[in-house]
Amino acid sequence: MPSPPQPPPRNSLKSFMGNGNHAPLQVGVKQRHGGGGFPRLSASSKALVLLPLLLLAFIFLFVYPKEFELQAMLSACGPPAAEPAVVRKPDFRLLIGVLTRADLYERRHMLRMVYGLQLASPEEPLAAHVDVRYVFCRLYKDDQRVLVPLEILVHDDVIVLDGCEENLNGGKTYTFLSTVARLYADEPYDYVMKADDDIFLRLPQLVASLGGMPRDDMYYGATIPCDSMDPFREYMAGMAYALSWDLVQWIATSDVARNHSVGTEDMLTGMWLRLGDKGKNRFNAKPAIHDYLNPVPVDQCEHEFMPSTIGVHRLKSNPRWAEALKYFNFTAGLKPSKSYKID
């Protein structure tokens, strides 16, 4: 009986070709030595293992160092890091309250332009923090109750006083000062200035003048009577005078001021300080604060414009405002444009 066919040797694999010939093909089959150990890799398998390792070595040895050098070169050639901006703390804080009437929309428009240009001037930045507020008593007309809120929405610079009538000598100044003491109690100003709406204040000159003043018990303005330069003789003219914050607080809580709030307002302010033994630091700003010079002068409070002028009072009309602004070269920053031609 013939012997059964023997199976092919283990670990041997044949590949048959289309022409009937065949040739053995190694496909990385395990070759065992002594029944154990790691397999022996073929040359193609070794190449598949080594190629990724060589590629990684090339990247780390040649590509990454060059990338770091390039980044360092770009950083060195780029613009230097910007220095942190130095913000200068203002020398002091000043609130200017322009006492006006609700109906005077055109006047407030003029004043906002005049003061806004000075507050935003890059050529002559102010050393102090200055806020300008337009102050009037409660609104009593239907149109005011619409138009004034529009102003507040756009400018946010209006104070509407409660409990006073629109009469400068009817207690408005007392109400203004006592209201300010309450409104800004948490963030007080160093000085509060009461100003008329027909005075042009040159803010850089005003700030420079106030910069050397005491911060306490201070009363500043243009002395009355007009022929006097003595700030202790009577009082400061109502066109524009400044009080230190402690005096504003005292006026707001003093029975002296509350019981004498109706009358000629600038005279009353001087009387409050005299009766309360306040305002020992007094400074006369004349002749830098003065009235507009009429063709026929009325008194010694008025005189011509000067380069050192701080404030010009009694600018009652647009032509007078134009004359003052022209003298002080207020439109010097106007740039040429195709949109206008102004001779």
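Numbers here simply count residues along the sequence, with the first being 1.
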Short N-O contact, R215 and D217, less than 4.0 angstrom
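Here R215 does not pair with D217 in a salt bridge, since their nearest N and O are not under 4.0 Å apart.
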Geometric class of the H290/F305 ring pair [parallel <30°, tilted 30-60°, perpendicular >60°]
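Tilted, since the angle between the ring planes falls between 30° and 60°.
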Would you please classify the geometry between the Y184 ring and the Y189 ring as parallel, tilted or perpendicular, with 30° and 60° separating the classes?
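Ring orientation, 0 to 90° scale: perpendicular.
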[X], [Y]: one ILVMFWY side-chain cluster at the under-4.5 Å cut-off?
X    : Y    : value
F330 : L315 : yes
Y174 : I96  : no
L117 : M110 : yes
L99  : W272 : yes

Is there a donor-acceptor pair under 3.5 Å between the side chain of N281 and the backbone N or O of D216?
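Checking the backbone N and O of D216 against the side chain of N281, a donor-acceptor pair under 3.5 Å is found.
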Could you check V148 against D143 for side-chain contact (heavy atoms from CB on, under 4.5 Å), going step by step and ending with a plain yes or no?
CA-CA 8 Å; V148 171; D143 61 319; over 6 Å; no
Pairing donors with acceptors under 3.5 angstrom, does anything connect the side chains of K286 and T223?
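Per modelled atom types, K286 and T223 side chains form a pair under 3.5 Å.
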side-chain contact (heavy atoms from CB on, under 4.5 Å) between D103 and Q144: does it pass, once the steps are laid out?
CA-CA 7 Å; D103 286 338; Q144 293 173 354; 2.8 Å; yes
Pairwise ring pair (Phe, Tyr, Trp, His ring centres under 6.0 Å) hits with a residue in residues 218-257, at least two apart
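For residues 218-257: none.
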Side-chain touch H303/P287, heavy atoms, less than 4.5 angstrom:
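Yes; the side chains approach each other to less than 4.5 Å.
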Taking C-beta and beyond as the side chain, do V248 and Y191 meet within less than 4.5 Å on heavy atoms?
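The answer is no; the side chains never approach within 4.5 Å.
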Atom CZ in R282, atom CE in M218: separation rounded to 0.5 Å?
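Between atom CZ of R282 and atom CE of M218 there are 11.5 Å.
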Step through the shown structure and confirm whether more than 12 heavy atoms of other residues, nucleotides or ligands are within 6.0 Å of CG on N294.
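Above 12, so yes.
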